[in-house]
Amino acid sequence: MSVRLRVAPSPTGDPHVGTAYVSLFCLAFARQQGGQFVLRLEDTDRARFREDSEQQIYDMLHWLSLDWDEGPDKGGPFAPYRQSERLDTYRPHVDALVADGHAYYCWCTPDRLQAMREEQQKRKMPTGYDRLCYGKTREERAELPGFSDAAVVRMLIPDDAPIAFTDVIRGEVHAPTPDDQVILKADGFPTYHLAVVVDDHLMGITHVVRGEEWISSTPKHLLLFDWLGWERPAFAHMPLLRNTDKSKISKRKNPAARLTWFVEEGYLPEALVNFLGLLGYSMPSGEEIFTFDEMSASFDWSRVNTVGPVFDLDKLGWLNGHYLRELAPDDFVRRVLPFLHDAGLVAHPPTATEQAVLAAAVPEIQPRMKLLTEAPGLLRFLLVSEESFVVDPEAVEKHVVGSGALLAAAADALEPVEVWDTAHVQGAMDAALLEDGLGLKRGKAYAPIRAAVCGSSISPPLPESLALLGKERTLRRLRAAIV
RNA sequence: GCCCCCGUCGUCUAGCGGCCUAGGACGCUGCCCUCUCACGGCAGUAGCGGCGGUUCGAAUCCGCUCGGGGGUACCA
């Protein structure tokens, strides 16, 4: 039988990095086994629902090439894949559980429940529903305080509820004994616990992969599977991604919790996928740089760690630089373009001139970048109009002030250069400024020129930069800097 | 409060009773390359939380302890 896995994000805001993390592992296993990967939207929380969130989830998973076989957008044999569209599906199962005595109605108000829990905590007792409503008719219950008109349905947890299960990643796990969990809310929506069990069964899910935070509610799900007479799926609880302070990764503490952040910051999807794979997982070969296909081919649940990894951006940055350098030149240009456009350095479809400049500059800037966002800084001196060209004040202070003679000598030496390429430019400068000229060391000689022409004390190699810039602009900037 | 999960360099990890004088990667430091910055190469830095067992032998097995995390909702 082929495996079926699913990821089930809630459309409650910006897509979460954990969704991509779990998707990666699900997909790696599903592809290896020749099974399917399903995307299901758990939109049962109407209070936190966000309209645009669904499309963002699609966009981000597509960006990462973590593609699904069935989902709300593409349908499939078990449609619909939005829980809000499956309300009729859950109802009969709730009724059956009530009829079988496994669930009961509860009319307690939120206020009463909260007071009850506070009292339990004060008495150092485990918190849990006290079953005030159990065995009572609506009329009987209405006599008592804390009564609400709209009923919910609760599970009746037996004393001998199964709390142990075999986790694919952790082995034998003992989870807490549950309390009488609500499975149907007053608004008619199922809670996660009911919906996840019904949908996983109906959709033929064989492996439930989710975050470690779900371990404590697994016994509830076990009970539901058993009561409904359904075979239990396998469970794999992934470690939780952490903030630097080790707490569960959160959008408030960590920008990296938002998937869109990686796009904005200039990360490559292939680097993020590789990095996510490195968190909590290791290749049998020991390789740290690997593609999704390589990970999938050798995937093994026993190599998944149980320790929650800190999401450390340093290593991601290194990986990103690596993948950036591997890119074919035209691909590199394609990825860099949106960032240059946002910086106002190129037109929307770039002009032929701009394209030519970029193509020529790629070999110089590609090995020096770690993030796509660094491109505007490195290319500004080549793309900016002469009217807008400015030299960084710090560079002026450090290198240009007092270097008039040197800059003039450089300009004079470059003036007669006929063939404007790296070799000739360097030849002319060196002849005028080094031993046979002003007698300077190359480092001393190039710094002022770099500042005057590139506008910064940091740039690609100087002769290459001047060659790319062209004779006219080089001379103009040199002379302008002399003053 | 109650319950559960987890514990190897700063970070990600290898290790699954002798191959460990604990290996790799990122980071950091130094050197080389060098016109700046990167890239690349070389070297160095740093860890089995603690205490008891089990064993001829423990990073590896057991217990306790400490530490971290998560859950405890009509949120997922």
Side-chain angles (χ1 to χ4, degrees), chain A residues 8-10 12 42-45 47-48 106 108-110 113-114 117-118 120-128 148 150-154 163 167 170 173-179 181-187 189-193 195-196 210-218 237 239-240 242 244-248 275 278-284 286-289 302-303 305-319 321 325 364-370 374 378 395 399 426 429-430 441-447 449-451 454 456-463 465:
Chain A
S10 300
T12 52
E42 311 233 318
D43 54 350
T44 53
D45 183 353
R48 293 201 301 158
C106 172
C108 289
T109 59
L113 295 173
Q114 195 190 331
R117 283 186 208 105
E118 281 166 10
Q120 288 166 335
Q121 272 198 30
K122 217 162 63 186
R123 292 168 48 207
K124 306 193 178 208
M125 302 300 294
T127 53
S148 155
V152 302
V153 175
R154 288 182 182 276
I163 56 166
D167 190 273
R170 294 155 199 270
V173 172
H174 294 261
T177 305
D179 73 337
Q181 174 67 45
V182 171
I183 54 175
L184 191 70
K185 306 183 213 180
D187 66 1
F189 275 71
T191 58
Y192 169 83
H193 304 288
V196 75
R210 63 201 344 180
E212 178 186 350
E213 56 199 341
W214 294 106
I215 289 179
S216 31
S217 35
T218 302
H237 289 96
L240 256 25
R242 314 293 185 104
T244 317
D245 66 0
K246 303 271 190 186
S247 59
K248 169 165 99 165
F275 180 64
L278 236 28
L279 294 180
Y281 188 72
S282 61
M283 294 288 278
E287 282 302 314
E288 309 238 348
I289 291 176
S302 73
R303 298 194 67 85
N305 245 94
T306 48
V307 193
V310 170
F311 201 97
D312 179 29
L313 262 8
D314 279 336
K315 197 157 189 172
L316 208 213
W318 165 72
L319 273 172
R325 272 169 250 129
E364 299 308 329
I365 66 160
Q366 194 169 8
R368 303 166 204 273
M369 280 171 46
K370 216 154 74 171
E374 293 162 357
L378 285 166
H399 301 296
Q426 174 156 14
M429 286 195 299
D430 287 358
K441 288 287 184 194
R442 195 175 266 145
K444 288 282 182 200
Y446 283 11
I449 303 175
R450 166 173 289 116
C454 303
S456 161
S457 51
I458 296 171
S459 84
L462 192 60
S465 297

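Values reported hereafter were calculated over all heavy atoms of this structure, with side chains retained and with hydrogens, waters and symmetry mates removed. Every chain is numbered from 1 and lettered A, B, ... according to where its sequence line falls, protein lines coming before strand lines.
Within 4.0 Å (heavy atoms only), A/Thr127 reaches at least one base atom of the nucleic acid. A/Glu42 comes within contact range of the sugar-phosphate backbone alone, with a heavy-atom separation under 4.0 Å but no base atom that close. Nucleic acid contact class of A/Gly317 (heavy atoms, under 4.0 Å, all strands): none. In this structure, A/Ser302 reaches neither bases nor backbone, as no heavy-atom distance under 4.0 Å exists between it and the strands shown. Residue A/Val310 is classed as a sugar-phosphate contact, given heavy-atom separations below 4.0 Å to backbone atoms only. Across all strands, A/His174 comes closer than 4.0 Å only to sugar-phosphate atoms, never to a base (heavy-atom distances). Backbone-only engagement by A/Arg303 is indicated by non-hydrogen atom pairs under 4.0 Å involving sugar-phosphate atoms exclusively.
In this structure A/Glu374 satisfies the salt bridge (Lys or Arg N to Asp or Glu O under 4.0 Å) test with no other residue, sequence neighbours excluded. Judged as a salt bridge (Lys or Arg N to Asp or Glu O under 4.0 Å), and not counting sequence neighbours, the contacts of A/Asp430 are A/Arg442. Residues that satisfy the side chain to side chain contact (heavy atoms under 4.5 Å, CB included) test with A/Glu42, not counting sequence neighbours, are A/Ala8, A/Ser10, A/Arg40, A/Gln83, A/Tyr192, A/Val196. Scored by the salt bridge (Lys or Arg N to Asp or Glu O under 4.0 Å) test, A/Lys248 finds A/Glu213 as partners (sequence neighbours excluded). A search for side chain to side chain contact (heavy atoms under 4.5 Å, CB included) contacts involving A/Ser456 returns A/Ile458, not counting sequence neighbours. Shown here are the side chain to side chain donor-acceptor pair (under 3.5 Å) partners of A/Gln121, two or more places apart in sequence or in another chain: there are none. The side chain to side chain donor-acceptor pair (under 3.5 Å) test applied to A/Ser282 returns A/Arg303, not counting sequence neighbours. Taking A/Thr244 as the reference, nothing meets the side chain to side chain contact (heavy atoms under 4.5 Å, CB included) condition, with sequence neighbours excluded. Take A/His237 and apply the ring pair (Phe, Tyr, Trp, His ring centres under 6.0 Å) test, not counting sequence neighbours, and it matches A/Phe165.
Taking 4.0 angstrom as the limit, A/Thr191 places none of its side-chain polar atoms (N or O) nearer than this to OP1 or OP2 of B/C75. For B/U72, neither phosphate oxygen OP1 nor OP2 lies less than 4.0 angstrom from any side-chain nitrogen or oxygen of A/Arg117. The shortest distance between the side-chain N/O atoms of A/Asn305 and the OP1/OP2 oxygens of B/A14 is below 4.0 Å.
Under the Watson-Crick or G-U wobble criterion, with both distances below 3.5 Å, B/G7 is paired with B/C66. Searching all strands for a Watson-Crick or G-U wobble partner of B/C28 with both distances below 3.5 Å returns B/G44. Nucleotide B/A59: unpaired (no Watson-Crick or G-U wobble partner with both distances less than 3.5 Å). In a base pair of the Watson-Crick type (N1 to N3 plus N6-O4 or O6-N4) or a G-U wobble (N1-O2 and O6-N3), with each distance short of 3.5 Å, B/G1 is matched with B/U72. The nucleotide B/C37 finds no pairing partner, because no Watson-Crick or G-U wobble arrangement with both distances shorter than 3.5 Å includes it.
At least one side-chain heavy atom of A/Leu319 sits under 4.5 Å from a side-chain heavy atom of A/Leu278. In this structure, A/Ile289 and A/Trp318 have side chains that are in contact, with non-hydrogen atoms separated by less than 4.5 Å. Between A/Leu313 and A/Phe311 there is a side-chain heavy-atom pair separated by less than 4.5 Å. Here the side chains of A/Val182 and A/Cys106 are not in contact, with every heavy-atom distance at 4.5 Å or above. You'll find the side chain of A/Ser465 stays beyond 4.5 Å of the side chain of A/Glu364, heavy atoms only.
Nucleotides B/U11 and B/U55 place their P atoms 35 Å apart, quoted to the nearest Å. Rounded to the nearest Å, the gap between the C1' atom of B/A46 and that of B/G24 is 14 Å. Only the P atoms considered, B/A22 is 15 Å distant from B/G10, to the nearest whole Å. Between B/C33 and B/G27, the distance separating the two P atoms is 22 Å to the nearest Å. Distance check on atom P: B/C51 versus B/C4 gives 27 Å, rounded to whole Å. Between B/A14 and B/C56, the two P atoms lie 31 Å apart (nearest whole Å). The separation of B/C48 from B/C9, taken at their C1' atoms, amounts to 10 Å, rounded to a whole angstrom. Here, B/C64 and B/G7 have their C1' atoms 15 Å apart, quoted to the whole Å.
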Distances for protein N/O vs nucleotides 23-25 of chain B N/O pairs under 3.5 angstrom?
| unit_1 | atom_1 | unit_2 | atom_2 | d |
| --- | --- | --- | --- | --- |
| B/G24 | N2 | A/Glu288 | OE2 | 2.7 |
| B/G24 | N3 | A/Glu288 | OE2 | 3.4 |
| B/A25 | O4' | A/Glu288 | OE2 | 3.3 |
| B/A25 | O2' | A/Glu288 | OE1 | 3.4 |
| B/A25 | N3 | A/Lys315 | NZ | 3.0 |

Name the pairs: protein N/O against N/O of nucleotides 68-71 of chain B, kept only if under 3.5 Å.
| unit_1 | atom_1 | unit_2 | atom_2 | d |
| --- | --- | --- | --- | --- |
| B/G69 | O4' | A/Arg242 | NH1 | 3.3 |
| B/G69 | O2' | A/Arg242 | NH1 | 3.4 |
| B/G70 | OP1 | A/Lys248 | N | 2.9 |
| B/G71 | OP1 | A/Lys248 | NZ | 2.9 |
| B/G71 | O2' | A/Ser216 | OG | 3.0 |

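Nearest to the side chain of A/Leu279, among B/C4, B/U11, B/C12, sits B/C12. Looking at the side chain of A/Leu278, the nearest of the listed nucleotides B/A73, B/G27, B/C12 is B/C12. Taking the side chain of A/Val307 as heavy atoms from C-beta on, and the options B/G1, B/C75, B/C6, the nearest nucleotide is B/C6.
If you take CG of A/Leu316 and P of B/U11, they are 17 Å apart, rounded to a whole angstrom. At whole-Å resolution of the value, CG in A/Asp187 and P in B/A73 are 18 Å apart. What separates CG of A/Asp314 from P of B/U11 is a distance of 12 Å, to the nearest Å. The CZ-P distance, from A/Arg170 to B/C16, rounds to 21 Å in whole Å. We find that CD1 of A/Ile215 is positioned 12 Å from P of B/C4, with the value rounded to whole Å. The interatomic distance linking A/Gln114 (CD) with B/U72 (C1') rounds to 14 Å, in whole Å. The distance between atom CG of A/Asp179 and atom C1' of B/U72, rounded to the nearest whole Å, is 8 Å.
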Walk me through whether A/Ser459 and A/Arg450 qualify under side-chain hydrogen bond (donor to acceptor under 3.5 Å, both in side chains).
CA-CA 7 Å; A/Ser459 84; A/Arg450 166 173 289 116; 3.0 Å; yes
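Between A/Pro110 and A/Gln120, the residue anchored nearer the 5' end of RNA chain B, judged by the nucleotide with its closest heavy atom, is A/Gln120. Nearest-nucleotide mapping onto RNA chain B: of A/Gly280 and A/Ala8, the residue sitting toward the 5' end is A/Gly280.
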Spell out protein contact along nucleotides 32-39 of chain B as letters: B when the base is contacted, S when just the sugar-phosphate is, - when no protein heavy atom is under 4.0 Å; keep the 5' to 3' order.
---BBBBS
